[in-house]
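The structure under discussion appears below in the form of C-alpha cells.
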Amino acid sequence: MHRSNRVAIVTGASRGLGDVIARVLARRGYDLVVAARNRKPLQDAAASLAERGSTVVAVDGDITDASVRARLVDAARGLGGLDVLVNNASELGGIGPLMQFDVQRFGRVFPVNAGAPVALVQLAVPLLAERRGLIVNITSDAAQAAYPGWGPYGASKAALELLTRTLALELRDRGVSAVIVDPGDMRTRMHQEAFPLDDISDRPLPEVTVPFWNWLFDQTPAQVSGERFAAQAGDARWLQPA
Ligand SMILES: NC(=O)c1ccc[n+]([C@@H]2O[C@H](COP(=O)([O-])OP(=O)(O)OC[C@H]3O[C@@H](n4cnc5c(N)ncnc54)[C@H](OP(=O)(O)O)[C@@H]3O)[C@@H](O)[C@H]2O)c1
C-alpha cells in the first residue's frame with residue numbers, strides 16, 4: 001500500500017524548543033501543523049519551515065481553547081493524518097514561594113501544562129492510531145526535584161509525566177505510543193523569564209537537543225513508549241562521540 005506523507009503537530013512552535021523540534025521534523029520531510037498564541041511570530045516560523053519544502057499549517061490561539069485544539073487536529077487530518085504529536089507549549093505560571101502563591105493560579109498552570117496536552121491527545125488519538133504514532137510530552141527536571149519557587153510549575157509537569165506514562169499503557173493496544181522528554185536548561189524566553197535578573201548566556205541554545213530528536217524520530221515508537229528521556233544527558237545513547 002502506498003504510504004503517504006508524514007505529519008506532525010508541534011505546539012509552542014513559534015520560538016525556543018518547539019521551533020527547533022519543528023525544524024528537525026521539517027528536515028526529516030514531515031509536513032507540519034504548528035501552534036502558538038501570537039500570530040505574527042508563528043507565521044514567521046511557519047514560513048521559515050516551509051522553505052524546506054514541507055507543507056506547514058499555522059494555527060494561532062491558546063492551547064487551553066478547545067476550538068484551537070480542534071483546528072490543530074483538523075489541520076493534520078487535512079494534511080493526510082498524524083504520525084507525531086509534540087505537546088511542547090507551556091507556561092511557568094510565576095516563580096516564587098508557595099506561601100505567596102495565589103492558589104487560584106493553579107487554575108491556569110495545570111490546564112496549560114497538563115490538561116491541554118491530554119485534551120489534545122484525546123482528539124488526536126484516532127489519527128495517531130491509524131499510523132501507530134508517537135506522542136511526545138515535554139517536561140522539566142522541576143517535575144522531579146523540589147526547587148524552591150518552582151512548586152506550581154514543577155507540580156504541573158509532574159502531573160504531565162504521570163499522565164503520559166498512563167497514556168502509554170492505556171493506548172498501547174491502539175498502537176499509539178507516548179514518551180516524556182526533559183530537554184534540560186536552555187537559553188529561551190521561558191528560561192529568561194524564570195531568571196529575570198540573571199545573565200543566562202551560559203545556557204545552551206535549544207539546538208543542543210537536535211541529536212536527541214534525530215535519535216528519537218529514528219526509533220520505532222512502540223519500543224520507547226512509556227520512557228522518560230533527558231535530551232542533554234551526557235551518557236545518553238543519542239549523543240554522538242566527540
Ligand atoms: N527553557 C528551559 O530551560 C526549559 C527547561 C526544561 C523544560 N522546558 C520546557 O520546554 C518547553 C518549551 O519551552 P521554551 O523554553 O522553548 O519556551 P519559550 O521559548 O517561552 O516558548 C514557548 C512556546 O509556547 C507557546 N505558548 C506558550 N503558552 C502557550 C499557550 N497557552 N497556548 C499556546 N501556545 C503557548 C509560545 O508562543 P506564544 O507566547 O505566542 O503563545 C512559544 O511558542 C516547555 O514545555 C518548557 O516547560 C524548558
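Being a predicted model, the structure only gives us computed values, none of them experimental. Note that ligands are numbered from 1 as they come in the structure, with each ligand's atoms numbered from 1 the same way.
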Legend entry - Heavy atom of the protein closest to atom 10 (O) of ligand 1 (residue, atom name, distance): I138 CG2, 3.5 Å

Legend entry - Note: D44-R15 ion pair, threshold 4.0 Å (strictly below): no

Legend entry - Protein heavy atom at shortest distance from atom 15 (O) of ligand 1: T188 OG1, 2.5 Å

Inset, instruction - For H191, counting its heavy atoms only, list the atoms of ligand 1 lying under 4.0 Å from any of them. - result: 1 (N), 2 (C), 3 (O)

Legend entry - Nearest-0.5 Å distance that lies between atom CD in E207 and atom CZ in R187: 9.5 Å

Inset, instruction - Let me know which of V68, I63, I21 forms a side-chain contact (heavy atoms from CB on, under 4.5 Å) with T11. - result: I63

Inset, instruction - Might you work through the salt bridge (charged side-chain N to carboxylate O under 4.0 Å, His left out) test for R108 and D62, ending with a clear yes or no? - result: CA-CA 12 Å; R108 177 71 187 164; D62 196 303; 2.6 Å; yes

Inset, instruction - Of the side chain and backbone of R39, name the one, both, or neither that has a heavy atom under 4.0 Å from an atom of ligand 1. - result: neither

Legend entry - Straight-line distance of I9 CD1 to L25 CG, nearest 0.5 Å: 11.5 Å

Legend entry - Which residue and heavy atom of the protein sit nearest atom 25 (C) of ligand 1, plus the separation: G12 CA, 3.5 Å

Legend entry - Nearest neighbour in protein (non-hydrogen) for atom 27 (C) of ligand 1: R37 NH2, 3.4 Å

Inset, instruction - Could you list which atoms of ligand 1 come closer than 4.0 Å to a heavy atom of R108? - result: 31 (N)

Legend entry - Distance, nearest 0.5 Å, that separates CZ of F110 from OH of Y153: 12.5 Å

Legend entry - Residue portion contacting ligand 1 (non-hydrogen atoms closer than 4.0 Å) for A35: neither

Legend entry - Contact check, K157 vs ligand 1, heavy-atom distance below 4.0 Å: yes

Legend entry - salt bridge (Lys or Arg N to Asp or Glu O under 4.0 Å) partners of D74, counting only residues at least two apart: R77

Inset, instruction - Hey, could you give me the CG/CG distance between N113 and L163, rounded to the nearest 0.5 Å? - result: 11.5 Å

Legend entry - Criterion side-chain contact (heavy atoms from CB on, under 4.5 Å) against N87, the qualifying member of I138, V10, V121, L160: V121

Inset, instruction - Pull out every atom of ligand 1 sitting under 4.0 Å from any heavy atom of L17, numbered as shown with elements. - result: 10 (O), 12 (C), 16 (O)

Inset, instruction - Take every heavy atom of K40, measure it against each atom of ligand 1, and state whether any distance is under 4.0 Å. - result: no

Inset, instruction - Give the numbers and elements of all ligand 1 atoms closer than 4.0 Å to a heavy atom of D185. - result: 3 (O)

Legend entry - Location of contacts on T139 toward ligand 1, heavy atoms closer than 4.0 Å: backbone

Inset, instruction - Among R105, R37, R189, find the residue that satisfies the salt bridge (charged side-chain N to carboxylate O under 4.0 Å, His left out) test when tested with E91. - result: R37

Legend entry - Non-hydrogen atom of G184 closer than 4.0 Å to ligand 1: yes

Legend entry - Which segment of E193 sits under 4.0 Å of ligand 1 when only heavy atoms are counted: neither

Inset, instruction - Please test V7 against R131 for side-chain contact (heavy atoms from CB on, under 4.5 Å), starting from the C-alpha separation and ending with a verdict. - result: CA-CA 10 Å; V7 180; R131 295 188 173 190; 4.0 Å; yes

Legend entry - Nearest-contact summary for atom 19 (O) of ligand 1 - protein heavy atom, Å: R15 NE, 3.3 Å

Legend entry - Test: R6 and D83 ion pair at under 4.0 Å: no

Inset, instruction - For G16, counting its heavy atoms only, list the atoms of ligand 1 lying under 4.0 Å from any of them. - result: 16 (O), 19 (O)

Inset, instruction - Could you see which bit of E91 sits under 4.0 Å from ligand 1, with heavy atoms only: side chain, backbone, both or neither? - result: side chain

Inset, instruction - Nearest 0.5 Å please: distance from the CZ atom of F101 over to the CD atom of Q104. - result: 9.5 Å

Legend entry - Non-hydrogen atom of P206 closer than 4.0 Å to ligand 1: no

Inset, instruction - Go through ligand 1 atom by atom and flag the ones less than 4.0 Å from a non-hydrogen atom of N38. - result: 38 (P), 39 (O), 40 (O)

Legend entry - Check: R69 side chain, T64 main-chain N or O, donor-acceptor pair, under 3.5 Å: yes

Inset, instruction - Around atom 32 (N) of ligand 1, find the nearest protein heavy atom and jot down its residue, atom name and distance. - result: I63 N, 2.9 Å

Inset, instruction - Using distance alone, decide if ligand 1 has a nitrogen or oxygen within less than 3.5 Å of any nitrogen or oxygen in A89. - result: no

Inset, instruction - Answer with yes or no whether G61 contacts ligand 1, where contact means a heavy atom under 4.0 Å from a ligand atom. - result: yes

Inset, instruction - First locate atom CZ of R39, then atom CG of L42, and finally report the distance between them rounded to the nearest 0.5 Å. - result: 9.5 Å

Inset, instruction - Would you mind checking which non-hydrogen protein atom is closest to atom 13 (O) of ligand 1, with the distance to 0.1 Å? - result: M190 SD, 4.1 Å

Legend entry - Closest protein heavy atom (residue, atom, distance) for atom 12 (C) of ligand 1: N88 OD1, 3.1 Å

Inset, instruction - Using a strict cut-off of 4.0 Å, indicate which atoms of ligand 1 neighbour a heavy atom of A13. - result: 43 (O)

Legend entry - Interfacing atoms of ligand 1 (cut-off 4.0 Å, heavy-atom, S90): 27 (C), 28 (N), 44 (C), 45 (O), 47 (O)

Legend entry - M186 N/O under 3.5 Å from ligand 1 N/O: yes

Inset, instruction - Tell me whether the guanidinium CZ or amine NZ of R203 lies under 6.0 angstrom from the six-membered ring centre of F195 and within 45° of its axis. - result: yes

